[in-house]
There are 2 protein chains.
Amino acid sequence: MAASNLVDDWAARLRKEGYRLTAPRRAVIRVLAETSTSLAPDQILRRARRYYPKTGLVTVYRTLDVLKGCGYVRKMHRLDGCHSYAPASAGHAHHIVCERCRAVMEFKGCDLDALIKSVRRRTGYLVKGHWLELSGLCPVCRKEA
Amino acid sequence: MAASNLVDDWAARLRKEGYRLTAPRRAVIRVLAETSTSLAPDQILRRARRYYPKTGLVTVYRTLDVLKGCGYVRKMHRLDGCHSYAPASAGHAHHIVCERCRAVMEFKGCDLDALIKSVRRRTGYLVKGHWLELSGLCPVCRKEA
DNA sequence: TTATTATTGAAAACAATTTTCAATAAGGAA
DNA sequence: TTCCTTATTGAAAATTGTTTTCAATAATAA
C-alpha cells in the first residue's frame with residue numbers, strides 16, 4: 001500500500017479513536033508509514049523533523065505507543081537491543097529484517113500449527129501466542145554480497 | 001540435566017575459555033543454572049546474594065554477558081520489555097514461556113524449513129536466521145486456570 | 001468565535017545498563 | 001606454600017533509553 005494511503009488510513013483510525021491529528025503527530029506517522037527499514041526512536045525523530053522541525057522526542061515515543069496500540073507498528077527484536085519499530089499491517093503477520101540495511105518486510109502465514117501441537121505434546125504447555133522474526137539479506141543486499 | 005551438573009559444566013567451560021571462577025560469578029551461574037523461570041538482572045541479583053551476599057549488580061550483568069557468549073543463557077522478548085534471561089542448552093533451540101509464572105522450557109525442532117522457503121520465494125530475501133518464542137500457560141498454571 | 005481539553009516539548013525524573021577505578025582474589029609458577 | 005600476575009570485584013559515576021511533569025499551545029467541537 002502506498003505510503004500516503006497508509007498515512008490517511010492511520011490518521012482516520014486515530015481520529016476515530018478520539019486522538020487528535022497534530023502536526024508533530026502527523027510527521028511521526030508519516031515517517032513510520034513511509035519507511036522501508038526498521039527505525040529507532042532517535043531515527044524517527046530526525047526524519048520527522050524534516051516534516052515538522054519542532055517535533056520532540058517525547059512525541060515520537062507517545063505516537064509509537066498510540067500506533068502500537070492500533071497495531072500499525074511492531075517492535076523489532078535483536079541481539080544487540082530491541083529499540084526499533086517497523087510498520088505492521090492488520091491481521092497476524094511477522095517481519096523479516098535485512099541484517100545489513102535494516103530493510104523490513106512483512107509476511108503472513110507463519111504456519112506454526114504443527115509445531116505448536118508438537119511443543120504442546122512435548123512440554124505440556126498450552127500455547128497461546130508466539131513471536132517470530134526472520135533475518136537475512138534483502139534482495140538488494142543479496143546482489144551486492 | 002540436574003542443576004549442579006549444569007553448574008559444573010558451565011564452570012568448566014568458562015575456565016577453559018580463560019575466565020576465572022570467582023565466588024560472585026559462581027553464585028550468578030548457580031542462580032541461572034537452577035532457575036525454571038526467566039529472570040531479570042535484579043531478580044538474579046537477589047537470588048545470587050543468597051549464595052554470596054556481597055554480589056554486585058554489575059557482576060550479574062557481566063556474568064550474563066559471559067554466559068550469553070557461551071550460549072548458556074538467552075534473552076527473552078516480551079511486549080513489556082526484553083529484560084529477562086533463561087537458561088539455554090547447546091544447539092539450536094527455542095523457549096516457551098508461561099505468561100503467568102514466567103516458567104520457561106526449551107524445545108528443539110522448530111521445523112521452519114518450509115516456512116523459510118516460502119518466505120524466500122515471496123519476498124526475495126535470503127533467510128539466514130530466525131527468532132522464535134512461544135508463550136502460553138505451563139502445566140501448573142493450566143491446572144489452576 | 002469561544003471553550004474544552006488533548007497534545008506539545010523542554011526539563012526533569014526514572015529505569016536499565018555500562019564504565020571507572022581502587023581493592024581484592026583466582027590461579028599459575030616457583 | 002608463597003609470590004606474582006592480572007582477572008574480577010562492586011560502589012559510584014556515567015551513559016543510554018524512556019517516561020513524567022507542567023506550562024503553553026493547538027485541535028476541534030459547539
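Residue numbers start from 1 in every chain, and the chains themselves are labelled A, B, ... in the order their sequence lines are given, proteins ahead of strands.
- No side-chain donor-acceptor contact under 3.5 Å links Arg49(B) to the backbone of Lys54(B).
- Atom CZ in Arg46(A) sits roughly 11 Å away from atom P in dG17(D) (whole-Å rounding).
- With rounding to whole Å, Glu17(A) atom CD is found 15 Å from dA6(C) atom P.
- Between Glu133(B) and Arg78(B) there is no salt bridge, since no side-chain nitrogen of the basic residue lies less than 4.0 Å from a carboxylate oxygen of the acidic one.
- For the residue pair His130(B) and His94(B), a side-chain donor N or O sits within less than 3.5 Å of a side-chain acceptor on the partner.
- Placement of Val7(B) and Val104(B) in two distinct hydrophobic clusters is found when ILVMFWY residues are connected by side-chain heavy-atom separations under 4.5 Å, directly or transitively.
- Atoms OH (Tyr61(B)) and P (dA16(C)) sit 7 Å apart, rounded to a whole Å.
- Side chain of Gln43(B) to main chain of Ala40(B): a donor-acceptor pair is present (N/O by atom type, distance under 3.5 Å, no hydrogens or angles).
- Each ring-ring contact (aromatic ring centres under 6.0 Å, His included) pair with one or both residues in residues 39-82 of chain B, not counting sequence neighbours, appears once here: His77(A)-His77(B), Trp10(B)-Tyr72(B), His77(B)-Trp131(B).
- Distances shorter than 4.0 Å separate some side-chain N or O of His83(B) from OP1 or OP2 on dT17(C).
- Of the residues in residues 63-70 of chain A, not one places a heavy atom less than 4.0 Å from an atom of DNA chain D.
- One finds no salt bridge joining Arg62(B) and Asp65(B) here, because no Lys/Arg side-chain nitrogen approaches an Asp/Glu carboxylate oxygen to under 4.0 Å.
- Between Arg122(B) and Ser118(B), the side chains place a donor N or O and an acceptor N or O closer than 3.5 Å (distance only, hydrogens not considered).
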Q. What string of B, S and - do you get for nucleotides 21-30 of chain D, 5' to 3', when a contact is any protein heavy atom under 4.0 Å?
A. B-----BS--
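- One interatomic measurement links the two molecules: CG of Leu57(B) to P of dT18(C), which rounds to 10 Å at whole-angstrom precision.
- Rounded to an integer number of Å, the gap from Leu45(A) CG to dT8(C) P is 13 Å.
- Between Ile29(B) atom CD1 and dA26(C) atom P the separation is 13 Å, expressed in whole Å.
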